[in-house]
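Have a look at the structure below before the remarks.
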Amino acid sequence: MTARAHAADVMNRAHPGHRTLDAEVEQVRREARRRFGGFVLDVANPGSHFRNKERRPLDNRVFEQAGALGLLGFSLPAEIGGEGRDKLAWGVVVEEVARLSRDPGFAVLLDISVEITELILSSGTPELIEAYVPDLVAGRRFGVQGAYESRDPYDYRSTARLDGDTWVLNGAKRFLAGAAFADLFVLFLRDEASNDMLAFLVEKDDPGVTPVSMDTMGMHTMGLGQVILHEVRLPRTRLLWRADALSELNTYARIRRTMSACGVLGALDGVIENCVEALSARRRGGRRVLDYPNVERSVGELRMLLQSARASVYRALDGTRSPDRDPYFDEFATVAKHHASECALRVGQLVMSLQGGEAYMSAFPWERFMRDILGLISGQGSQEMLLMQLGQRTIVGLEGRRVREEAAERAVAKLADGWWALHAVAHEGGGEFADAARAVVAATGPATVVAASGPAAPGAGDAEVRGAVAALLDRAHALVAAVRAGRPPEALPEGPAGLFEGRLAGLSEGAWGLLACGVARETGLLARLLQPCTAREAAGDLPPALAEGLLEALVGVSVAHRDGEGRYAVAEGLERVLIGGPRASAFAARLRRALDGGARLRGGKPKADGAAPAGCGGEAAPLADALVNSLLGRLEGLPGLLDRPGAQVGCAAGDGGRSAVELARHIPFVPVLALEPETVAADAVQVGGGGGGEVRVRVAGPAGFAEGDRLALAWLPAAGLSAGELRPAVEAAVAALLPGGWVVLPCPLPPKRPLGAAAARLDLALAGGRVPDDGEVEGVLAAAGLGHVRAAWDDAALGLRLVAARRPA
């Protein structure tokens, strides 16, 4: 008897091996995040808020770095150094870049340069291709197109006439994206003799060419402007098309409409996610704002607008691969651009309504989104129930993803409990870390088979177990040392399987998982698991047996998983700490600090030079990002103080300038004064990366900051200060603050579980830091005469919080 078919079996039919468009898009999206996500987060994003405020375009060096990464050549032909990917894949890359970017115009500019390259290639002129295409692909030059005159193409006022062997150009082209910093222009002009449309390649340095910036409502970092031509004389070789350039322009406009819509999609996705996240902590009438049906309905509409725009745009992108497509006019591209723009306008209205007063403040991203999207325009039950269901699914989905991400980071942090527990068990004798080590052992609970080391001599059985723990840790640290020295062993050393019983067995498994996680991250194996791959593919330069051992250890602690085909992939929630950006640097810093701190405890060594406690070093990046992108508008008066002439940001992290560098990257137009020990040269250094800022280094004296430092903001990590150092450091910072200035203290936020808290204290002690007592930081700030004392931001997954206080005006 044939089994009864279910509805899904009947309705969801597909040919074997069929691959959906969604699956193809998702694969490219993952690739884009893996290859280019770190570039956008680490290079293009820092300083974007202030670039927009100052109406400054992106640094041209950003495009060079994009070229070096292969971003600009992604969809260009292989014969000129590109990858030859189709427009569907490129559109998804543009969308993902726009989603990750805090600058809505960045993805647009990338695509404009790519399509200018394609225009030059389509001319078939070897001289022009050889002269310009290599520089465009490499990002050394940036090109834009100019056709707009608000007139019919055959009625252009911008003209070209042939004078012997020279073309003479006159006129003006306005509303060109990137005109303020472009190196060359593809301009469409009317031939005075034939009235036909021609296209020329014009360089910014050609005599008679004058680029002029434009003051616009939004898109302030796109370098919008116009180009004025006065008797510009060009050789015949600069003519791209001798006739019918209108057809080429229509071809350009066809794909530009689709790609512009891709940028809109990314901007929509990003602003919706940020909007829901911003609302998640708000309460009204004792309830979360997100639990109100009208808010769910609005979020549902946001999701509907995004998905309907995606359906239209992806249809247009898929159509670019059809041989029957009209080469000059694409109906789907036109519909996609119009629909995406209309959706963006409605999204902007809904976000403005949901955010209330913050939506009208320039310190938050909502007001800018509304302005910028206007610039992009110019270039099942009842319906209500469906929208509410969509809203509920969107909220659950976004919050669920965030929960998964935080849970994944906390799971790795929890592995550290076992790591520190084993080191504490193996630690012998006294020393400066003895108390912290005993606290860790005590926190493991009564089921632990080993007694705390110290004055009481342990039993013989305990000594045997302690010896096995010590041998296991020695193998672990030998592995780390060998890998870092470039001499990895052929296979993973013997792990803890079968060595211990009870509580210690679980702790040792976690410790081995942390070791595998740290080694896999440092060797790049962990990042390669962002895309499912075999053990051999994941190995890279590692010996295959070692890579397979690491992968199995990662699977054992759920950091990775293995599918039915034997392919490995990292836990979904860990993606955000592996693609690059501030959280990736913090994740790497925590893993390395654990490995290095364990080695120091095992070897009885003091704090190593360059070791940074929590909130410093690599962990400074997400804190600086949170300061600018989450707190700036909530620290009353700080944006205005940062604009004051002579104002500075003070940083007393003592981490070799890394915190100061991150502050300068995120607040690029305000000098950062870094107090560092004598081991750091007291020289001014420039911080690059698409909007860097100035860092002035000064040797830290006993008094810390000075009254004449004119600080709008003092950055004072608390973990690196002893109880006796905290109060004078705060008092010195307060004296250096401008009236109304803020002092912000990055502080450790230990886990609530006893073992995690004890392990965090041991970790910090080995890095030369400590966890301040409850209320200690707030009490010191209040005693120093500061007001508005509060924990302004915290992140349990990072294990960090920011405590802020304001000097009265």
Side-chain angles (χ1 to χ4, degrees), residues 413 416 419-420 423-424 427 429-440 477 480 518 585-623 651-662 674-680 697-702 704 715-730 732-733 744-751 756-773 776-777 780 798-803:
W419 177 258
W420 292 115
H423 282 82
H427 188 57
E432 60 180 314
F433 309 121
D435 290 343
R438 281 194 291 268
V440 172
H477 291 299
V480 174
S585 67
F587 182 72
R590 293 197 304 276
L591 284 175
R592 191 173 187 93
R593 190 173 68 221
L595 295 180
D596 293 347
R600 287 197 298 277
L601 183 63
R602 186 79 193 104
K605 299 178 182 178
K607 173 181 176 291
D609 291 338
C616 300
E619 290 187 315
L623 297 178
C651 177
D655 57 358
R658 294 189 65 181
S659 291
V661 165
E662 290 300 334
L675 296 187
E676 292 292 337
E678 295 182 5
T679 53
V680 177
V697 181
R698 189 172 73 202
V699 175
W715 188 263
L716 196 63
L721 299 170
S722 68
E725 294 171 334
L726 179 61
R727 184 178 299 275
V730 168
V744 176
L745 289 85
C747 300
L749 184 64
R761 294 178 186 276
L762 177 57
D763 182 1
L764 267 171
L766 286 158
R770 71 183 184 99
V771 179
D773 296 334
E776 178 185 351
V777 172
V780 169
L798 284 174
L800 295 168
R801 66 183 181 127
L802 294 176
V803 179

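Along the sequence shown, residues are numbered consecutively beginning with 1. Keep in mind that the numbers below use all heavy atoms, side chains included, and drop hydrogens, waters and symmetry copies.
To the nearest 0.5 angstrom, E619 atom CD is 12.0 Å from E662 atom CD. In this structure, D596 CG and L591 CG are separated by 10.5 Å, a value rounded to the nearest 0.5 Å.
Here the shortest heavy-atom pairing between G615 and L800 reads N-CD2, 3.5 Å. Of all the heavy atoms in P751 and A757, the pair that sits closest is O-CB, 3.5 Å. Nearest approach of C747 to V803, heavy atoms of both residues: SG-CG2, 4.0 Å. The heavy-atom pair separating E676 from D655 by the smallest distance is OE1-N, 3.4 Å. Here the shortest heavy-atom pairing between L762 and A437 reads CD1-N, 4.2 Å. Residues P717 and A652 share a closest heavy-atom pair of CD-O, 3.7 Å.
For the pair L716/L721, a side-chain contact is recorded, criterion being any heavy-atom separation below 4.5 Å from C-beta on. The shortest distance between side-chain heavy atoms of D763 and R593 falls below 4.5 Å. Between P772 and P748, the closest side-chain pair of non-hydrogen atoms falls below 4.5 Å.
Remark: the backbone N or O of L766 is paired with a side-chain donor or acceptor of R600 at under 3.5 angstrom. Not a single donor-acceptor pair under 3.5 Å links the side chain of S659 to the backbone N or O of C616. Between the side chain of W420 and the backbone N or O of V440, no donor-acceptor pair lies under 3.5 Å.
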Take H427 and L601, measure what side-chain contact (heavy atoms from CB on, under 4.5 Å) needs, and give me the verdict at the end. CA-CA 7 Å; H427 188 57; L601 183 63; 3.6 Å; yes

Does W715 form a side-chain contact (heavy atoms from CB on, under 4.5 Å) with L802? I'd like the steps, not just the answer. CA-CA 10 Å; W715 188 263; L802 294 176; 3.9 Å; yes

Could you go step by step and tell me if L726 and L745 meet the side-chain contact (heavy atoms from CB on, under 4.5 Å) rule? CA-CA 10 Å; L726 179 61; L745 289 85; 4.0 Å; yes

side-chain contact (heavy atoms from CB on, under 4.5 Å) between R770 and L764, worked out: CA-CA 5 Å; R770 71 183 184 99; L764 267 171; 5.7 Å; no

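Residues satisfying the side-chain hydrogen bond (donor to acceptor under 3.5 Å, both in side chains) test with R590, not counting sequence neighbours, are E409.
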